[in-house]
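Reviewing the structure listed below.
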Amino acid sequence: MTNLQPVRGTHDLLPDDRRRHRHVENTAQKISELYGFDEMTTPIFEFTDVFARTLGDTSDIVTKEMYTFETKGGESVTLRPEGTAGVARAFISNGLAQHVPVKAFYKGPMFRHERPQKGRQRQFHQIGVELIGVEGPQADIEVIALGHHILKELGLLKSTVLEINSLGDVESRTAFRAVLTDYFQSHESDLSEDSRNRLVKNPLRILDSKDDGDRKVVAGAPDFAAYLNDDSKAFIDTVHQGLTDLGISFERNPKLVRGLDYYCHTAFEFTTSELGAQSAVLAGGRYDGLIEQMGGPSTPGVGWAAGIERLAMLAEDSPAKDRPISVVPVSPDLFARAQEMAQSLRNEGFFIEFSFTGNMKRRLKRADKSNARAALILGEDELKDDKVMLRDLDSGEQEAISLSAVVATLQTKYR
RNA sequence: GCGGGUGUAGCUCAGUUGGUUAGAGCGCCUGAUUGUGGUUCAGGAGGUCGUGGGUUCGAUCCCCAUCACUCGCCCCA
């Protein structure tokens, strides 16, 4: 071992961090189940094609951010950069078209080879949901409502804003793309170098450029809404109305363009201004062509993903750790007896701390440090009368109670 | 991938205009209290000054490289 630092962009999750993550995960999972979304897990790596063919040849994820390896068998595999492609692949692999609608919740690590910064790591963690097999906009409403509900439960509605846009169906998008390309080509000399590249690869992305020069050009660009056909218009209108009916406030953002090629119709992001350059906290959209494009039956889908690190940074403090009861032997002769007592109380369902070494004073100190609410002190004097000392560590009061009453006493006082 | 900043004890940070034993607070350990924690007092442990090279009689300090973190760009969760 020459280098004991973790690989760039990866982090250890020590218990305090892990508790915060778990709070996010558990909250998200609990709320998802209220909506009938059950957890499923797909492998954290897939054949490279699963991502390369679905995310789009021009997306940054595919062109520069994938962790791709060759296996001993000579096959190319990639650590998943996002969750939807894997779920879609699993949908096809397992013949889940027989069971639509599929409502999936997932959580786990994702990997992108990017420059780390605040709210961005190379290995990070996401929670996400996918609703597969429903054509109508009610699915979009349901999925956004679920995301909204989770943010509410985490106390994040005040620090986030829901932005929403329509990318239209294929017909609308093709038409708009042609008009938009013409427009930007006629202003090509005013565009930044980045945007001139985008003009070839994905002109829609010029719309959300941060470059000042680009913004001036964008200000005069044609409006996507004007090019939505009747179906696309009706679709997004229904989504807007549905959210309004549910009391979910949102802002329309015609510049919102998601980076992955598979999105259509509804695109949305819950954004924040509290994470430096990163604004998206929970984001997703509809991907009607994805499953067919992967070789499965034509099946619509809609979903979102959220970064657990980002949510954990924004969330209010997670619930405190449970407070244990400590079992403390007064002398070495009673260590074994104390451990037996600890064990039997655990069998009764109590959270018992039992430290392994040290004299009584040290053990009490450690009990205090573990935030124990009480200590059961085993000493020869009391044991002669079949009693133990029960000390409340908050009040400092203690009393000898009989061994046979320990469980009942703890039940009433500390549970 | 590109640009800026930072890197001294477990944590948060001083410091040295280049000079011999590098400091503080918090935390940790021991004792005052051989059957009682949280307060107090006394003592103690802990540092290749990110790493490698260079300049110098001498480098933690200056120079170069490198790694990591961080902020921004790109993009995204």
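Note: CZ (A:Arg120) to P (B:C71) measures 11 Å, nearest angstrom. As a whole-Å value, the separation of A:Arg8 CZ from B:G7 P is 18 Å. The NZ-P distance, from A:Lys255 to B:C76, rounds to 17 Å in whole Å. Here the P atom of nucleotide B:C74 and the CZ atom of A:Arg196 are 16 Å apart, to the nearest Å. One atom, CE of A:Met66, and another, C1' of B:C75, lie 15 Å apart when rounded to the nearest Å. When rounded to the nearest whole Å, the span between CZ of A:Arg363 and C1' of B:C29 equals 17 Å. Atoms CD (A:Gln121) and P (B:C71) sit 11 Å apart, rounded to a whole Å. The distance from atom CG of A:Leu378 to atom C1' of B:G35 is 12 Å, rounded to the nearest whole Å.
Residue A:Leu364 places its side chain closer to B:G37 than to any other of B:A77, B:G35, B:G37. Considering only the side chain of A:Ala283, B:A77 comes nearest among B:C73, B:G35, B:A77. Among the nucleotides B:G35, B:C71, B:G37, the one closest to the side chain of A:Gln117 is B:C71. Among the nucleotides B:C76, B:G35, B:A68, the one closest to any side-chain atom of A:Met360 is B:G35.
Within 4.0 Å (heavy atoms only), A:Gly9 reaches sugar-phosphate atoms of the nucleic acid but no base atom. Within the nucleic acid shown, A:Ser279 comes within 4.0 Å of at least one base atom, counting heavy atoms only. Across all strands, A:Ala305 comes closer than 4.0 Å only to sugar-phosphate atoms, never to a base (heavy-atom distances). Residue contacts shown for A:Arg115 include a base, since a base heavy atom lies under 4.0 Å away. The residue A:Gln398 sits close to a base: some heavy atom pair falls under 4.0 Å. Among the protein residues, A:Arg310 comes within range of the nucleic acid bases, having at least one heavy atom under 4.0 Å from a base atom. The residue A:Val330 sits close to a base: some heavy atom pair falls under 4.0 Å. A:Gly119 comes within 4.0 angstrom of a nucleotide base, judged by non-hydrogen atoms across all strands.
For the residue pair A:Glu380/A:Ser331, the side-chain donor-acceptor check at 3.5 Å is satisfied. Side-chain polar atoms of A:Glu163 and A:Thr271 form a donor-acceptor pair below 3.5 angstrom. For A:Ser355 and A:Arg366, the side-chain atoms include at least one donor-acceptor pair closer than 3.5 Å. In this model, no donor atom of one side chain and acceptor atom of the other lie less than 3.5 Å apart for A:Gln343 and A:Asn347. In this structure, a donor-acceptor pair under 3.5 Å is present between the side chains of A:Ser232 and A:Ser172. A:Thr272 and A:Thr160 form no side-chain donor-acceptor contact under 3.5 Å, judged by distance and modelled atom types alone.
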Nucleotide pairing, RNA chain B (Watson-Crick or G-U, distances under 3.5 Å), in dot-bracket with [ ] and |
(((((((..((((.....[...)))).(((((.......))))).....(((((..]....))))))))))))....
Produce the list of close N/O pairs, under 3.5 Å, pairing protein atoms with atoms of nucleotides 38-44 of chain B; give distances to one decimal.
residue	atom	partner	partner atom	Å
B:G38	O4'	A:Asp368	OD2	3.1
B:G38	N2	A:Leu393	O	3.2
B:G38	N2	A:Asp394	O	3.0

Atom pairs under 3.5 Å: protein N/O with N/O of nucleotides 8-10 of chain B:
none

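With hydrogens and angles disregarded, a donor-acceptor distance shorter than 3.5 Å links the side chain of A:Tyr183 to the backbone of A:Val217.
The aromatic ring centroids of A:Phe124 and A:His11 lie 6.0 Å or more from each other.
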If you apply the rule ring-ring contact (aromatic ring centres under 6.0 Å, His included), what do you find for A:Phe105 with A:Phe37, and how did you get there?
CA-CA 6 Å; A:Phe105 168 85; A:Phe37 285 67; 8.7 Å; no
A:Thr10/A:Gln121 under side-chain hydrogen bond (donor to acceptor under 3.5 Å, both in side chains): CA gap, chis, key distance, verdict
CA-CA 6 Å; A:Thr10 67; A:Gln121 303 170 195; over 6 Å; no
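The C1' atoms of B:G52 and B:C13 are separated by 27 Å, rounded to the nearest whole Å. B:A14 and B:C73 have their P atoms separated by 27 Å, given to the nearest Å. Using P as the reference atom, B:C2 and B:U66 are 11 Å apart when rounded to the nearest Å. Atom name C1', nucleotides B:U51 and B:A32: the rounded distance is 45 Å, in whole Å. Rounded to whole Å, the separation between the P atoms of B:A22 and B:U48 comes to 13 Å. Separating the P atom of B:G38 from that of B:G7 is a span of 37 Å, rounded to the nearest Å. Nucleotides B:A24 and B:G47 have their P atoms positioned 15 Å apart, rounded to a whole Å. For the P atoms, the distance from B:G25 to B:A42 is 11 Å, rounded to whole Å.
For the side chain to side chain donor-acceptor pair (under 3.5 Å) test with A:His125, the passing option among A:His21, A:Glu309, A:Lys107, A:Arg310 is A:Glu309; the others fail. Checked against A:Pro329 for a side chain to side chain contact (heavy atoms under 4.5 Å, CB included), the options A:Met360, A:Arg363, A:Arg337 give a single hit: A:Arg363.
Residue A:Lys361 places at least one side-chain N or O closer than 4.0 Å to OP1 or OP2 of B:G37. For the OP1/OP2 pair of B:U30 and a distance below 4.0 Å, the side-chain nitrogens and oxygens of A:Arg362 include at least one atom meeting the criterion.
Pairing each heavy atom of A:Leu167 with each of A:Tyr263, the nearest pair is CD1-CB, 3.7 Å. A:Tyr106 and A:Ala305 get closest at one heavy-atom pair: OH-CB, 3.7 Å.
Using a cutoff of 4.0 Å between basic side-chain nitrogens and carboxylate oxygens, A:Glu25 and A:Arg18 are scored as salt-bridged.
Nearest-nucleotide assignment on RNA chain B puts the 5′-proximal partner with A:Val7, out of A:Val7 and A:Phe270. If A:Leu282 and A:Glu397 are placed on RNA chain B by their nearest nucleotide, the residue sitting closer to the 5' end is A:Glu397.
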